[in-house]
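Heads up, the thing below is written out as structure tokens.
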Amino acid sequence: MAPETQHPQLPLPDYFSKFAAMYARGTGHATLNILGDVITGDIQTSDSPIGPESVVHDTASGPGIGAAALVAHLPKDKLPKEVLVSDNVPPMVEAARNSLVASPLPSVKCQVLDSQDLSSIPDGYFTHSINNFSIFTFTRPVEAVRETYRTLRPGGLAVITCWRRFAPMFIVHAAQKMIRPDLPLTPTPSPQFFEDGVLQKVVEEAGFPSAGIAVTTKELVIVDEDNKAGLSAFMSGPLMQAARQGYTEEEKGRWSEAISHAVKSEVEQFGGIRFEAYVLLATK
Ligand SMILES: C[S@@+](CC[C@H](N)C(=O)[O-])C[C@H]1O[C@@H](n2cnc3c(N)ncnc32)[C@H](O)[C@@H]1O
């Protein structure tokens, strides 16, 4: 049986371990760039902006995306005094540690932690908690948000994002339809989170008062050639091997070309590779 924290629809037991080394490029920096926009346009304009007295948790951080976005989007005198970067996949935490070695953050710790069980952290510790594009990968999303609520100070701010349109899913499905339209399309982990209202319901169920919750949407169209190439490499490569299940060797050999065609159609339709996200801010 898969370990309890492994999502049933993620293709490999150690999927995120394999992903760690090429994560930022393979996502076309989409999660990083959307979070950067959230920091500037939503967090810093809220009643609880991040500043030098803040204590921030980036939970299910991947290779330190939250901390990287803080460094890229806040002036030095607004950087928080303490940042905890955590993920339950050791290679992600190691990648975060390596990328933050020379960061200007006054104090940053990188730890292997399960977002759904933060029992090593006392109640009310953080002023801000970031959970960026990870909620759909949890087996127990309500538990994770409950831990976010518990570890935030009264008045603290949680920032939770999830996809509304995850472009690689459309591109991979288009490629699958080109080569083997008879086979089932690759499933998406926790597809309910793509629907309006689901994220807010989970956050309310975890204890955040509905009056303190605000949800907006954001769009990111990736036009940068390097970012398009990174996403194409991710979709063409071994991390998407589950999409080629049941293929002959000859069909597998046509996969990269099918992805290129599908990327081209996406760009023709939207001017780039188009992501849409839900951005939820919740005050404790
Ligand atoms: C799609 S990635 C998002 C990473 C990052 N937050 C970002 O902005 O790109 C999902 C991350 O959640 C982590 N993850 C999944 N389940 C987890 C859990 N129960 N506890 C902690 N991290 C988890 C994975 O290891 C992976 O790094």
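Every number for a ligand or one of its atoms is a count from 1 in the order of the listing. It should be emphasised that the depicted structure is a prediction, and the values quoted were computed from it without experimental measurement.
- Taking the six-membered ring for Trp and the full ring otherwise, F133 and W163 have centroids separated by under 6.0 Å.
- Of the candidates D114, D87, I135, it is D87 that places a heavy atom closest to atom 13 (C) of ligand 1.
- Shown in contact with F138 at under 4.0 Å from a heavy atom are these atoms of ligand 1, numbered in order with element: 16 (N), 17 (C), 18 (C), 19 (N), 23 (C).
- For ligand 1, the polar-atom distance check against Y23 finds a nitrogen or oxygen pair separated by under 3.5 Å.
- Annotation: D58 places no N or O atom under 3.5 Å from an N or O atom of ligand 1; distance criterion only.
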Does the pair E266 and R274 meet the rule for a salt bridge (Lys or Arg N to Asp or Glu O under 4.0 Å), with working shown? CA-CA 8 Å; E266 168 90 7; R274 184 169 71 94; 5.6 Å; no
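- Residues E204 and K201 are not paired through a salt bridge, judged by the lack of any N-O separation under 4.0 Å between the basic side chain and the carboxylate.
- The closest approach between T137 and ligand 1 falls below 4.0 Å for a heavy atom of the residue.
- An N or O contact shorter than 3.5 Å is missing between M92 and ligand 1 by distance.
- Atoms of ligand 1 found under 4.0 Å from any heavy atom of L113, numbered from 1 in the order shown, are 20 (N), 21 (C).
- Contact check on E276 versus R165 returns no salt bridge, with no Lys/Arg side-chain nitrogen under 4.0 Å from an Asp/Glu carboxylate oxygen.
- Of the candidates N88, L118, T59, L32, N88 brings a heavy atom nearest to atom 23 (C) of ligand 1.
- For ligand 1, the atoms closer than 4.0 angstrom to any heavy atom of V89 are 25 (O).
- Contact annotation for N132 and ligand 1: heavy atoms of both the backbone and the side chain come within less than 4.0 Å of the ligand.
- Proximity to T31 (heavy-atom distance under 4.0 Å) selects the following atoms of ligand 1: 7 (C), 8 (O), 9 (O).
- For atom 21 (C) of ligand 1, the nearest non-hydrogen atom from the set A24, S115, P91 belongs to S115.
- Contacts of A144 with ligand 1, taken as heavy-atom pairs under 4.0 Å, are absent altogether.
- Annotation for ligand 1: atoms under 4.0 Å from non-hydrogen atoms of G62 are 4 (C), 5 (C), 27 (O).
- Ring planes of F166 and F275: perpendicular class, angle over 60° (limits at 30 and 60°).
- For the pair R254 and E257, the salt-bridge criterion is not met [side-chain N within less than 4.0 Å of a carboxylate O].
- Distances below 4.0 Å separate heavy atoms of Q116 from the following atoms of ligand 1: 19 (N).
- In this structure, R25 does not pair ionically with D226, as no charged nitrogen and carboxylate oxygen lie closer than 4.0 Å.
- For the pair S86 (side chain) and Q111 (backbone), a donor-acceptor distance under 3.5 Å is absent.
- Short contacts between ligand 1 and I65, defined as distances under 4.0 Å to a heavy atom of the residue, involve ligand atoms 5 (C), 7 (C), 8 (O), 9 (O).
- The side-chain contact (heavy atoms from CB on, under 4.5 Å) test with I43 is passed by exactly one of L70, L74, L157, V56: L157.
- No side-chain donor-acceptor contact under 3.5 Å links T127 and E53.
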